[in-house]
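Everything numeric in this text was worked out from a predicted model, so none of it was measured.
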Amino acid sequence: MGYIKLDKKAFFHNLDYFGKICTKDKLSIALKDNAYGHGTLQAASMCEEYGIRHVFVRDMNEARIIKEFNFETILVLYDIPKEYDDKVIVSINNLDHIDLVPKGSKCELKIDTGMNRNGVTPKDIEKALGKIKQNNLILNGVFTHFCCADEDNKITKIQENIFLEAVDKVKKYITYSFRIHCANSAGVHKVNMDRYDLARIGIGAYGYLDIEEDKYLKPVMSLHAKKIATKFIKQGEHVGYGSKAFIAQKDMNVSNYDIGYGDGFYRFSEQKKGFVSSGLPILGRVSMDSFSVESTDDSICVFRDVKELAKVQETITYTILTNMKNTIKREIE
């Protein structure tokens, strides 16, 4: 069956890059959404080997998967445990969440600084802190999220200023120390990281950025497919679904490979032809379990870098990576 290779040297290279910007100890790596498609367990294993101390996940299911790894903190972004769990830190995304968090739990207060998605507004900080104290919760940190650190420096600076004012407000009510963080992969390039205790590195750890510094990173994931069958077809014959999707202009050897949209590899539109890593065009339509190219190789690399595929599909790198199904075997090399 098809499989995914994870380049550990590339992953460590990317972590080294971000470590030079904000120090290794401040790195918190995203393992959420199956580690951006790379595999939660596999990415956690590489993080542990590298010496990462902090990670963040989407929900409690992902937290349970990685609890046996040697991480100091696991921040859960969008879920609340049903009972106290000393292994996790719970994100507070709105005032009502506070009453749902088990007593004694560590929590981190998210401040909405203009993204208008999740988080407590600055005017509700005092109310939130009162509820946190009333419910015997421990404030482990305060954080925010930048909406366009990869696009607009002015808006990012406005958000940072709102956040720093919010942090000052929290410090008036909380006498013990707590961690402060705001920057994502692009954001570490836009703020002074000396002010902060943590950098939440997501897509950057896996080799991509939508800013100029992308050139310093190396993609970690490559997708490979194995041959199912080879057919010799004659000029004028078609391949796959749709008699007009591909018509051979010459006699050729065509092989079918075992990755399709059922595995998360997008089907291309008729107008925008797909291709594999070697540049070979995909012949006809990607089907649920396979695609075809002119080749007789026993296996083929579908992609090593998804940036070009993202352009063809008019999407973003995140979409292609996270779309890779859990059923595809992942191996670290």
Side-chain angles (χ1 to χ4, degrees), residues 14-32 43-44 47-48 50-58 63 66 69-78 85-93 97-98 101 105-115 118-120 122 125 128-129 132-133 137-147 149 156-205 209 213:
N14 298 337
L15 298 186
D16 284 344
Y17 169 77
F18 285 102
K20 289 176 182 176
I21 297 174
C22 54
T23 77
K24 175 180 173 180
D25 288 344
K26 289 185 179 182
L27 297 182
S28 178
I29 305 302
L31 298 180
K32 73 185 191 77
C47 282
E48 183 179 61
Y50 185 81
I52 292 298
R53 298 162 53 198
H54 311 286
V55 296
F56 57 101
V57 297
R58 177 177 182 171
I66 63 169
F69 288 92
N70 189 33
F71 300 126
E72 288 182 24
T73 66
I74 301 172
L75 176 62
V76 179
L77 294 178
Y78 304 119
D85 190 325
D86 64 349
K87 292 282 189 177
V88 304
I89 301 165
V90 184
S91 296
I92 303 298
N93 289 300
H97 277 179
I98 300 171
V101 180
S105 297
K106 291 181 181 178
C107 68
E108 298 209 351
L109 184 63
K110 185 172 187 179
I111 308 297
D112 182 0
T113 55
M115 192 168 189
N118 303 313
V120 173
I125 286 175
L129 295 175
I132 287 171
K133 183 176 181 180
L137 303 180
I138 300 168
L139 185 69
N140 190 81
V142 176
F143 72 107
T144 194
H145 192 56
F146 294 140
C147 64
T156 300
K157 189 62 181 176
I158 290 171
Q159 280 195 266
E160 184 187 20
N161 289 337
I162 292 171
F163 178 62
L164 290 173
E165 289 176 6
V167 169
D168 286 341
K169 188 180 291 187
V170 174
K171 286 180 177 179
K172 293 178 181 179
Y173 295 92
I174 301 296
T175 56
Y176 53 85
S177 62
F178 53 88
R179 68 185 188 183
I180 304 164
H181 49 107
C182 62
N184 54 12
S185 298
V188 298
H189 300 86
K190 307 299 177 66
V191 301
N192 179 359
M193 283 304 302
D194 290 340
R195 291 176 171 173
Y196 303 106
D197 304 303
L198 215 61
R200 300 189 310 274
I201 307 301
I203 195 72
L209 275 176
E213 285 78 4

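Met193 and Leu198 make their closest contact through CE-O, 3.4 Å (heavy atoms, listed as atom of the first residue, atom of the second, distance). Here the shortest heavy-atom pairing between Thr73 and His54 reads OG1-ND1, 2.7 Å. Nearest heavy-atom pair, Gly204 versus Asn14, reported as atom, atom and distance to 0.1 Å: O-CB, 3.7 Å. Summarising the geometry of Pro122 relative to Ile162, their closest heavy-atom pair is CG-CG2, 4.0 Å, with the distance given to 0.1 Å. In this structure, Ala186 and Leu209 approach most closely via the heavy-atom pair N-CD2, 3.8 Å. Of all the heavy atoms in Leu129 and Tyr173, the pair that sits closest is CD1-CB, 3.7 Å.
Side-chain atoms of Cys107 and Leu139, non-hydrogen and from C-beta on, do get closer than 4.5 Å to each other. Ile29 has its side chain within reach of Leu15: a pair of non-hydrogen atoms, C-beta onward, lies under 4.5 Å apart. Between Ser91 and Val76, every side-chain heavy-atom pair lies at or beyond the 4.5 Å cut-off. At least one side-chain heavy atom of Leu75 sits less than 4.5 Å from a side-chain heavy atom of His181. Side chains of Arg53 and Asp25 form a contact here, defined as non-hydrogen atoms less than 4.5 Å apart. Side chains of Leu109 and Phe178 form no contact here, defined as non-hydrogen atoms less than 4.5 Å apart. Phe163 places a side-chain heavy atom less than 4.5 Å from the side chain of Tyr196. In this structure, Val120 and Asp112 have side chains that are not in contact, with every pair of non-hydrogen atoms separated by 4.5 Å or more.
A salt bridge links Glu160 and Arg195; the closest N-O separation between the charged side-chain nitrogens and carboxylate oxygens is under 4.0 Å.
Once rounded to the nearest 0.5 Å, the distance linking CD1 of Ile132 with CG of Leu137 reads 6.5 Å. Remark: Cys22 SG to Asp197 CG distance equals 11.5 Å, nearest 0.5 Å. One finds the CG atom of Asn161 at 11.0 Å from the OG1 atom of Thr156 (value rounded to the nearest 0.5 Å). Taken from OG in Ser177 to NZ in Lys171, the straight-line distance is 10.0 Å, to the nearest 0.5 Å. Of the inter-residue distances, the one linking Thr144 atom OG1 with Asn184 atom CG reads 10.5 Å to the nearest 0.5 angstrom. Interatomic distance, Ile21 CD1 to Asp16 CG, rounded to the nearest 0.5 Å: 11.5 Å.
Applying the salt bridge (charged side-chain N to carboxylate O under 4.0 Å, His left out) rule to Asp85 yields the partners Lys67; only residues at least two apart in sequence or on another chain are considered. Evaluation of the side chain to side chain contact (heavy atoms under 4.5 Å, CB included) rule for Ala166 yields Ile111, Ile125 as partners, not counting sequence neighbours.
Between the Lys190 side chain and the Ala149 main chain, a donor and an acceptor come within less than 3.5 Å of each other. For Ser185 (side chain) and Gly202 (main-chain N/O), a donor-acceptor pair under 3.5 Å exists by modelled atom type.
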Verify side-chain contact (heavy atoms from CB on, under 4.5 Å) between Phe69 and Cys47, making sure each step is shown before the conclusion.
CA-CA 9 Å; Phe69 288 92; Cys47 282; over 6 Å; no
Checking side-chain contact (heavy atoms from CB on, under 4.5 Å) for the pair Tyr78/Asn118: CA distance, chi angles, key distance, verdict?
CA-CA 10 Å; Tyr78 304 119; Asn118 303 313; 3.4 Å; yes
Can Phe56 and Lys32 be said to form a side-chain contact (heavy atoms from CB on, under 4.5 Å), step by step?
CA-CA 7 Å; Phe56 57 101; Lys32 73 185 191 77; 4.3 Å; yes
In sequence, state the C-alpha distance, the side-chain angles, and the governing distance for Ile74 and Ile89, and then conclude on side-chain contact (heavy atoms from CB on, under 4.5 Å).
CA-CA 6 Å; Ile74 301 172; Ile89 301 165; over 6 Å; no
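Taking the six-membered ring where the residue is Trp, His189 and Phe18 present perpendicular rings, their angle passing 60° and hence far from 30°.
In the model, Glu108 has a side-chain atom that pairs as donor or acceptor with a side-chain atom of Asn140 under 3.5 Å. His145 and Arg200 form a side-chain donor-acceptor contact under 3.5 Å, judged by distance and modelled atom types alone.
A cation-pi arrangement is present between Lys24 and Tyr50, with the terminal nitrogen or guanidinium carbon under 6.0 Å from the aromatic centre and inside a 45° cone about the axis.
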